[in-house]
Amino acid sequence: MKNDLIIFHISHLVTLSGENALRCGKDMRNIEIIKNGYVVIKDGIIEEVSSGEGYQEYITEKTQLVDGSGLLMLPGFVDSHTHLVHGGSREHELKMKLEGYSYLEILNQGGGILNTVKGTKAASFNELYEKAKKSLDIMLTHGVTTVEAKSGYGLELDTEVKQLEVAKALSKNHPIDIVSTFMGAHALPSEYRNNKAEYLKKVIEMLPIIKANDLADYCDVFCEEGVFSLEESELILSSAKRLGFKLKIHADEMVALGGATLACKLGCTSADHLMATPDEEIKCLAKHKVVANLLPATSFNLNKAYARGRVMIDNGCGVSLSSDYNPGSCPSENLQFVMQLACLKMKLLPEEVITAVTINGACAVNKEEQIGSIEVGKYADLVLFAVPNLEYLIYHFGVNHVKDVYKRGELVVSNQQTVYREEK
Ligand code: NIG
Ligand code: FE
């Protein structure tokens, strides 16, 4: 039994209260900010949310009291697109990038994803576990309490399973909850270069094994020029759908191939990247309530155009924002930087940015009933920020504003503090 907890006198308590559903278009601005708020937590679940002094009637001798004066509270962030578990790193690609090689050129020369495939195959379960755990710790200290993690650096059954088992073990042992996605169709392994049909067959054969061992809830495909075509993506995703997987798709990251329309046709939970998505397909995403999962730190790192988040919201889309943390196109776990980029480069309002990483992020992993807002009955996944107001969180960019993080009512990050003594 966990201790009861009350956080009171919170200067700005952002609840995101409302329907447990994707917030679209103008609704993304309605986040509800309570001044001088409090949250009562019992057994890791939120029992009451209000303002003023009413919290006092909930105090018992077991209650832990936390003063939230001068702080901003948000629901724990959901990072709904990451490639968390992988071996090695790719800093050597930096020079190639500076020399003008594109992401796809590096991949087609056997580098990029295929390089990380080698590193992931070579790494033991424990090595992958420890490396991913470090990244999860960074995410947690930046306010993330739920993460989606994809496989896709094995491209054969054993290594795909190894990645997904690492994610499963971490979800059990680490404060962050992990939602897993199978992404066998992330790249074409070199040995299948002349026989793509055979590899597609292999991926389809892996699906029932992944399902039977309960290793992933979602299936994802890299639908991209020179990677997997629209037809190949449909083949994989529709096979996965028949087996009961929920679906995601990497769509329009470099070239518009119709991936967003395919997401609507197949009922994908989210379509991700969308940097090159044309107007008609944006409207299609809005109509079908497919989450538009945008990853601006990838645009930043690849020096590419940003997804048209402003246009998407103005056309009624429900947008979420994620890190895309991976060793190639986005080697950073910092979701606060992603939020700042979304505001500064995509022209999202701070309120829309908050919706995108909380309730809409929860929708991108179908967990909107449990997380994504600070409301009675939801998990007490709560983050306290040492900032005077919401705008400040975006305005003062590139640094970590988190003070404390609670996962299901348990303090898991406390007071980021230096340890030197000031000479005066
Ligand atoms: O989302 N685009 C495909 N997958 C990742 C990159 C993976 C990698 O480069 O290792 C992405 O950008
Ligand atoms: Fe990705």
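Whatever order the structure lists ligands and atoms in, that order sets their numbers, starting from 1.
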Undergrad: For atom 11 (C) of ligand 1, find the nearest protein heavy atom and state the residue, atom name and distance (0.1 Å precision).
TA: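 Closest protein heavy atom to atom 11 (C) of ligand 1: Asp324 OD2, 3.2 Å.
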Undergrad: Look at atom 2 (N) of ligand 1 and say which protein heavy atom is nearest, naming residue and atom and giving the distance to 0.1 Å.
TA: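 I find the closest protein heavy atom is Glu253 OE1, 2.7 Å.
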Undergrad: What atoms of ligand 1 come within less than 4.0 Å of a heavy atom belonging to Arg90?
TA: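 With Arg90 as reference, the close atoms of ligand 1 come out as 8 (C), 9 (O), 10 (O).
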Undergrad: Going by heavy atoms, is Asn326 under 4.0 Å from ligand 1?
TA: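 Checking ligand 1 against Asn326, which is what was asked, there is a heavy-atom contact under 4.0 Å.
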Undergrad: My understanding is that only one of Asp177, Val365, Leu335, Ile359 makes a side chain to side chain contact (heavy atoms under 4.5 Å, CB included) with Val78; could you say which?
TA: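 Considering Asp177, Val365, Leu335, Ile359, a side chain to side chain contact (heavy atoms under 4.5 Å, CB included) with Val78 is found only for Val365.
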Undergrad: Would you say Asp324 reaches the Fe ion (ligand 2) with an N/O/S atom under 2.8 Å?
TA: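 It does; at least one qualifying atom falls short of 2.8 Å.
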Undergrad: Is there a heavy atom of His186 sitting under 4.0 angstrom from any atom of ligand 1?
TA: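 Flag set, His186 near ligand 1.
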Undergrad: For ligand 1, which atoms sit closer than 4.0 Å to a heavy atom of His81?
TA: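 Result: 1 (O).
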Undergrad: Taking only non-hydrogen atoms of His273, do any sit less than 4.0 angstrom from ligand 1?
TA: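 A heavy atom of His273 does come that close to ligand 1.
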Undergrad: Give me the atom names and distance for the closest heavy-atom approach of Cys268 to Leu237.
TA: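 In terms of heavy atoms, the two residues are closest at SG-CD1, 4.5 Å.
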Undergrad: Can you sort out which atoms of ligand 1 are near His83, meaning under 4.0 Å from one of its heavy atoms?
TA: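 So the answer, numbered in order with elements, is 1 (O), 4 (N), 5 (C), 11 (C).
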Undergrad: Taking both backbone and side chain into account, is any N, O or S atom of His83 nearer than 2.8 Å to the Fe ion (ligand 2)?
TA: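 Here the distance criterion (N, O or S atom, under 2.8 Å) is met by His83, so yes.
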Undergrad: Out of Glu165, Gln163, Lys150, which one pairs with Val85 under the side chain to side chain contact (heavy atoms under 4.5 Å, CB included) rule?
TA: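 The option that passes is Gln163.
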Undergrad: Which class fits the ring pair His83 and His81: parallel under 30°, tilted 30 to 60°, perpendicular over 60°?
TA: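 Plane angle between 30° and 60°, so tilted.
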Undergrad: In terms of relative ring orientation, are His186 and His250 parallel, tilted or perpendicular, with 30° and 60° separating the classes?
TA: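 Correct class here is tilted.
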Undergrad: Taking 4.0 angstrom as the limit and counting only heavy atoms of Ile113, give me the atoms of ligand 1 inside it, by number and element.
TA: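 Those qualifying, in numeric order: 7 (C), 8 (C), 9 (O), 10 (O).
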Undergrad: Taking only heavy atoms of Tyr153 into account, list the atoms of ligand 1 that are under 4.0 Å away from them.
TA: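 In order of number, 7 (C), 8 (C), 10 (O).
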Undergrad: Restricting to N/O/S atoms, is Cys330 within less than 2.8 Å of the Fe ion (ligand 2) or not?
TA: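 No - counting backbone and side chain alike, Cys330 has no N, O or S atom under 2.8 Å.
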Undergrad: Can you tell which of Glu232, Glu231, Glu191 makes a salt bridge (Lys or Arg N to Asp or Glu O under 4.0 Å) with Lys196?
TA: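 So, applying the salt bridge (Lys or Arg N to Asp or Glu O under 4.0 Å) to Lys196 and each of Glu232, Glu231, Glu191, only Glu232 qualifies.
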Undergrad: Could you check whether atom CZ of Phe397 has more than 12 heavy atoms from other residues, nucleotides or ligands sitting under 6.0 Å from it?
TA: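 No, CZ of Phe397 has 12 or fewer neighbouring heavy atoms, counting only those of other groups under 6.0 Å.
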Undergrad: Looking at every heavy atom in both Cys284 and Cys264, which two are closest together, and how far apart are they?
TA: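 It is SG-SG, 3.0 Å.
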Undergrad: Centroid-to-centroid, Tyr392 to His401, below 6.0 Å?
TA: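 They qualify: ring centres under 6.0 Å apart.
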Undergrad: Atoms of ligand 1 less than 4.0 Å from Phe222 heavy atoms?
TA: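 Selected atoms, number and element: 2 (N), 3 (C).
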Undergrad: Atom 9 (O) of ligand 1: which protein heavy atom is closest, and how many Å away?
TA: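 The closest heavy atom on the protein side is Tyr103 OH, 2.5 Å.
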Undergrad: Any chance the rings of Phe300 and Phe337 have centres within less than 6.0 Å?
TA: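 Distance test on ring centres: under 6.0 Å, yes.
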Undergrad: Would you mind naming the N, O or S atom of His81 nearest to the Fe ion (ligand 2)?
TA: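 In His81, the N, O or S atom with the shortest distance to the Fe ion (ligand 2) is NE2.
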Undergrad: Could you identify the single nearest non-hydrogen protein atom to atom 12 (O) of ligand 1 and state the distance to 0.1 Å?
TA: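 Heavy-atom neighbour on the protein nearest atom 12 (O) of ligand 1: Ser329 OG, 2.5 Å.
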Undergrad: Nearest 0.5 Å, please: how far is CG in Leu72 from CD1 in Ile354?
TA: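 So the gap between those two atoms works out to 7.0 Å.
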